[in-house]
Protein chains: 2
Amino acid sequence: MEEGTSKSPGHCGDTGGDYDVLQWDTREDCEVRQILDRIADKWSLLVIALLDRRSLRFTELKREVDGISQRMLTRTLRHLERDGLVRRTVHPTVPPRVDYELTPLGATLHDTIQTLVTWTERHQNEIAASRAAYDVRAAAERETAEAETTERNAIAHAALTNRPR
Amino acid sequence: MEEGTSKSPGHCGDTGGDYDVLQWDTREDCEVRQILDRIADKWSLLVIALLDRRSLRFTELKREVDGISQRMLTRTLRHLERDGLVRRTVHPTVPPRVDYELTPLGATLHDTIQTLVTWTERHQNEIAASRAAYDVRAAAERETAEAETTERNAIAHAALTNRPR
DNA sequence: CGGAATCCGCCACGATACTG
DNA sequence: CAGTATCGTGGCGGATTCCG
């Protein structure tokens with residue numbers, strides 16, 4: 001069905017054998033990266049998560065996402081629709097009504113994403129702690145470095161003023 | 001580092017009750033989003049994937065990623081280090097040598113990411129097909145719309161030139 | 001070798017106004 | 001209501017230079 005002809009605009013992965021892990025990353029023009037970038041998109045995740053529960057109208061989405069501009073919402077939805085993750089249904093009424101819903105493919109993506117969100121929720125405390133510790137270290141280092149430079153400057157200045165040889 | 005440090009960790013989610021699914025998405029300042037954005041980062045995934053196999057030096061990393069600037073590599077590594085995903089080891093030799101390796105936390109993240117990459121690889125054909133179909137439809141629509149406007153213009157022009165009432 | 005600091009182009013995104 | 005079109009800008013990311 002959808003099998004076969006991957007016309008391969010770059011035909012990245014599945015050379016088989018070894019680790020495919022190393023295949024998808026080095027090529028930045030790889031198609032996997034394109035899709036990943038879309039998924040990684042700031043708004044896509046939110047839209048997908050919202051649509052997973054029920055289909056929504058444009059304005060409902062706009063209201064729920066809170067912070068998205070209509071421009072970005074439109075773009076995001078178009079992209080998701082293009083990728084076959086979201087289905088757009090236009091009701092020829094007046095005023096117009098457009099419903100958005102997740103396709104089966106989109107639903108499977110949402111499942112996959114959830115594991116990542118779960119990971120994030122589970123480890124956000126560790127990460128926060130790590131960040132705090134890092135910031136403390138960084139601040140300390142910056143301070144010592146600063147002290148050293150001022151001291152160095154003081155020495156140099158003293159050498160120049162007191163005994164210019 | 002001119003990076004925007006996340007002040008106000010203000011513990012976003014877990015207001016309890018209902019679905020937590022709906023908690024992490026609506027708040028854009030949520031910490032989960034911050035972490036997700038980092039993961040979504042163009043280079044972070046690549047670096048993590050490479051470090052999963054073995055620890056690497058700075059230059060090795062730079063050579064393997066292919067396309068990254070030293071600035072971005074440094075930034076990426078600093079961020080990952082700050083989040084506790086990567087450990088940085090400086091050998092006080094000359095010339096200097098710095099090794100980067102995944103922390104246990106970073107390793108678990110890599111595992112989680114892998115499921116997403118697997119999903120992408122598994123469905124990239126469907127997505128490519130969907131995109132192609134969408135593009136065809138879009139092109140067709142654009143063409144009809146264009147035809148309509150030209151026709152409309154022709155009618156208007158005729159009306160103005162032949163019988164200006 | 002492994003960075004830090006500086007300059008700068010560019011485009012992604014937001015705000016606004018208009019349309020059907 | 002559900003978009004498109006247009007313009008202005010902030011910041012991301014690349015190139016370059018200098019330092020330890």
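Each chain gets a letter, A, B and so on, in the order the sequences are listed, and its residues count up from 1.
Taking atom CD1 of residue A/I68 and atom P of nucleotide C/dA15, one finds them 11 Å apart after rounding to whole Å. One interatomic measurement links the two molecules: CZ of B/R75 to C1' of C/dA5, which rounds to 13 Å at whole-angstrom precision. Rounded to a whole Å, the CG atom of B/L61 is 15 Å from the P atom of C/dC1. C/dC1 atom P lies 17 Å from atom CZ of B/R88, rounded to whole Å. Whole-Å rounding puts the A/R97 CZ to C/dG20 C1' distance at 19 Å. For the pair A/K62 NZ and C/dC13 C1', the interatomic distance rounds to 13 Å; values are reported in whole Å. For the pair A/L73 CG and C/dC13 P, the interatomic distance rounds to 13 Å; values are reported in whole Å. The CD atom of A/Q70 sits 11 Å away from the P atom of D/dT4 (whole-angstrom rounding).
Nearest-nucleotide positions on DNA chain D for A/L77 and B/M72 put A/L77 closer to the 5' end. In this structure, B/S69 and A/R63 both approach DNA chain D, and ranking their closest nucleotides by distance from the 5' end singles out A/R63.
In this structure, the nucleotide among D/dG13, D/dG3, D/dC1 sitting nearest to the side chain of B/D41 is D/dG13. Nearest nucleotide to the side chain of B/T74, out of D/dT16, D/dC1, C/dG3: C/dG3.
For D/dT6, the OP1/OP2 oxygens have no side-chain nitrogen or oxygen of A/R71 closer than 4.0 Å. Distances shorter than 4.0 Å separate some side-chain N or O of B/R78 from OP1 or OP2 on C/dA4.
Using modelled atom types, no side-chain atom of B/S130 and backbone atom of B/E126 make a donor-acceptor pair closer than 3.5 Å. Proximity of a side-chain donor or acceptor of B/T115 to a complementary backbone N or O of B/D111 within less than 3.5 Å is not detected.
Looking at B/T76, B/L45, B/D83 one by one, the single match for side-chain contact (heavy atoms from CB on, under 4.5 Å) with B/R38 turns out to be B/D83.
Note on A/E60 versus A/R53: no salt bridge recorded, every NZ/NE/NH1/NH2 to OD/OE distance being 4.0 Å or above.
Within the 4.5 Å cutoff, the side chain of B/D99 has heavy atoms near those of the B/H91 side chain.
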